[in-house]
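Note that the structure is predicted; figures quoted are calculated from it, not measured. Hydrogens, waters and symmetry mates are skipped; everything else that's a heavy atom, side chains included, is used.
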Amino acid sequence: MTTIIKANSLEQAKSRLERVRSERESTEQAARDEAHAIPFGQPNIEGRGNIYKHVQQQWDRTRRLADEEERAADRVDMLEMVEKFKEDNDQLQDVRVVGRTGWASVGAATSVNNLDYFKGRLAQMIADNEAVKAWNKNHRDAKRCTFGSKITALRKKVAYLEAVKSKADSTPVSEHSQQLIDSGKVSQWKKKPIYYFVDGLRKVALTLDDNGDFQESKRSPANADPPGETVQNLLAPSPSRPPHRPRGVPKARVPCVSRAPQTTWRTPSRSRLPAASGAGSTRALVRGTTVKGAVALVSS
């Protein structure tokens with residue numbers, strides 16, 4: 001699962017950890033004090049309420065707070081690892097985190113903001129690859145692995161991000177689209193600025209066409225009916241745009257046109273036909289008859 005990291009996430013996580021820890025300690029101490037106030041071995045009297053009920057509730061709350069404290073501590077460990085990863089890479093702006101604990105996987109996100117980082121990494125990888133090739137020429141018995149496949153993948157990523165950035169800068173924005181952006185109903189994605197997310201809808205994005213008008217994105221379309229209606233209301237009216245059809249609703253079927261019955265022509269097998277006398281043909285095409293009837297006609 002990809003974890004969302006904000007600018008002040010680490011400070012918020014640390015303050016939440018301190019709050020949960022102090023609440024857990026106070027609840028645990030209150031449960032101990034209340035349990036000590038009850039005489040040792042005091043039984044519950046039949047017909048009366050449980051005298052240990054509130055103590056048990058306090059201990060249950062303590063266990064829930066302990067679990068919450070553990071999750072908060074894991075998040076702090078993960079965010080500290082992210083901060084360390086950013087400090088080691090000065091040009092890195094957007095990170096991608098998979099996991100919620102200190103064992104999470106941290107890497108560079110595929111974002112136009114990280115374009116300089118990927119270019120620098122590509123240049124460094126090419127230099128390292130040349131050094132490995134030189135080593136392999138002189139040490140044939142102890143060769144090292146080259147970085148050819150990694151360089152190819154990184155070049156494709158850099159080319160893709162450059163194309164996304166160029167398209168976002170060159171695509172015009174119509175007046176209707178600019179009004180939606182200024183009103184906050186549509187917000188541009190900073191990582192990939194060719195996509196615009198719709199406010200209030202999860203994973204529903206729009207893109208700009210050549211005229212600068214918004215259209216539904218093929219990558220993140222509106223599948224359900226209410227989000228689809230919301231998106232259609234935001235789009236500029238166009239006579240060429242087909243009406244919205246939610247996913248799962250079948251298309252209107254075209255009535256099937258009945259065809260005329262085809263006439264079958266049957267050719268009798270040559271081995272079952274007797275040899276024809278005279279200069280006539282040895283084959284006969286009989287319309288609508290069986291092989292036995294064709295043999296009878298040829299023999300006659």
Side-chain angles (χ1 to χ4, degrees), residues 1-90 92-111 113-114 117 184 187 189-192 195 197-205 219-220 222-227 230 247-248:
M1 178 178 290
T2 304
T3 306
I4 300 175
I5 306 298
K6 297 182 180 179
N8 56 346
S9 295
L10 182 58
E11 290 78 6
Q12 292 180 356
K14 287 183 177 180
S15 61
R16 181 173 179 270
L17 176 59
E18 294 178 358
R19 177 181 57 82
V20 173
R21 181 172 295 169
S22 61
E23 186 177 358
R24 192 262 308 165
E25 292 175 353
S26 61
T27 305
E28 186 177 355
Q29 187 62 37
R32 284 199 183 100
D33 296 341
E34 187 171 354
H36 292 163
I38 301 175
F40 181 74
Q42 178 70 32
N44 284 320
I45 301 175
E46 186 177 357
R48 297 185 181 180
N50 186 7
I51 60 176
Y52 300 100
K53 179 179 179 180
H54 193 262
V55 177
Q56 294 171 357
Q57 291 176 352
Q58 293 284 356
W59 283 116
D60 292 341
R61 186 184 179 190
T62 302
R63 283 189 288 269
R64 290 195 299 268
L65 290 173
D67 295 339
E68 188 175 354
E69 180 184 357
E70 184 179 359
R71 290 192 296 268
D74 290 340
R75 180 167 177 81
V76 170
D77 294 341
M78 181 265 295
L79 292 175
E80 288 178 349
M81 185 175 58
V82 171
E83 290 296 328
K84 186 178 182 303
F85 184 78
K86 287 184 176 180
E87 291 176 359
D88 297 339
N89 303 277
D90 298 336
L92 190 63
Q93 297 186 21
D94 298 332
V95 297
R96 182 175 183 268
V97 183
V98 180
R100 297 181 178 180
T101 64
W103 301 95
S105 176
V106 183
T110 306
S111 170
N113 299 328
N114 295 336
Y117 167 78
S187 58
W189 193 13
K190 295 181 180 180
K191 294 182 179 181
K192 297 176 183 178
Y195 297 103
F197 287 106
V198 181
D199 185 29
L201 300 181
R202 186 172 179 269
K203 294 184 179 181
V204 176
R219 178 177 176 178
S220 301
N223 299 328
D225 201 6
T230 304
R247 181 176 294 183

Taking all non-hydrogen atoms of both residues into account, name the closest pair between Asp199 and Gly184 and its distance. CB-O, 3.5 Å
Verdict with reasoning, Leu65 to Glu69, per side-chain contact (heavy atoms from CB on, under 4.5 Å): CA-CA 6 Å; Leu65 290 173; Glu69 180 184 357; over 6 Å; no
Asn89: side-chain contact (heavy atoms from CB on, under 4.5 Å) partners, not counting sequence neighbours: Phe85, Leu92, Tyr117
With sequence neighbours excluded, tell me which residues meet side-chain contact (heavy atoms from CB on, under 4.5 Å) with Arg19. Arg16, Glu23
Go through Ser220 and Val204 one step at a time and tell me if the side-chain contact (heavy atoms from CB on, under 4.5 Å) criterion holds. CA-CA 5 Å; Ser220 301; Val204 176; 5.8 Å; no
Measuring from Leu79:CG to Glu11:CD, what's the distance to the nearest 0.5 Å? 9.0 Å
Could you walk me through whether Arg96 and Ser111 pass side-chain contact (heavy atoms from CB on, under 4.5 Å), step by step? CA-CA 10 Å; Arg96 182 175 183 268; Ser111 170; over 6 Å; no
Tell me, do Glu68 and Arg21 make a side-chain contact under 4.5 Å, heavy atoms counted? no
Those residues at least two apart in sequence (or on a different chain) that pass salt bridge (charged side-chain N to carboxylate O under 4.0 Å, His left out) with Asp77 are none
Check whether any side-chain heavy atom of Gln57 lies under 4.5 Å from a side-chain heavy atom of Arg61, and answer yes or no. no
My understanding is that only residues two or more places apart in sequence, or in another chain, count here; which of them pass salt bridge (charged side-chain N to carboxylate O under 4.0 Å, His left out) with Asp90? none
Between Asp60 and Arg64, does at least one N-O distance fall below 4.0 Å, as a salt bridge requires? no
According to salt bridge (charged side-chain N to carboxylate O under 4.0 Å, His left out), does anything in residues 25-35 pair up with another residue at least two apart or in another chain? List the pairs. Arg24-Glu28, Glu28-Arg32
Measuring from Arg219:CZ to Lys203:NZ, what's the distance to the nearest 0.5 Å? 10.5 Å
Could you tell me which residues satisfy side-chain contact (heavy atoms from CB on, under 4.5 Å) with Asn50, sequence neighbours excluded, listed by chain and number? Asn44, Tyr52, Lys53, Gln56
For side-chain contact (heavy atoms from CB on, under 4.5 Å), just list the numbers for Val97 and Met78, CA-CA rounded to whole Å, side-chain angles, deciding distance to a tenth of an Å, and then say yes or no. CA-CA 9 Å; Val97 183; Met78 181 265 295; 3.7 Å; yes
Sub-3.5 Å donor-acceptor pair from the side chain of Asn113 to the main-chain atoms of Asp94, do we have one? no
Please find the pair of heavy atoms, one from Leu17 and one from Ala72, that lie closest to each other, and give the distance. CD1-CB, 3.9 Å
Got a second to check how far Lys191's NZ is from Thr110's OG1, nearest 0.5 Å? 9.0 Å
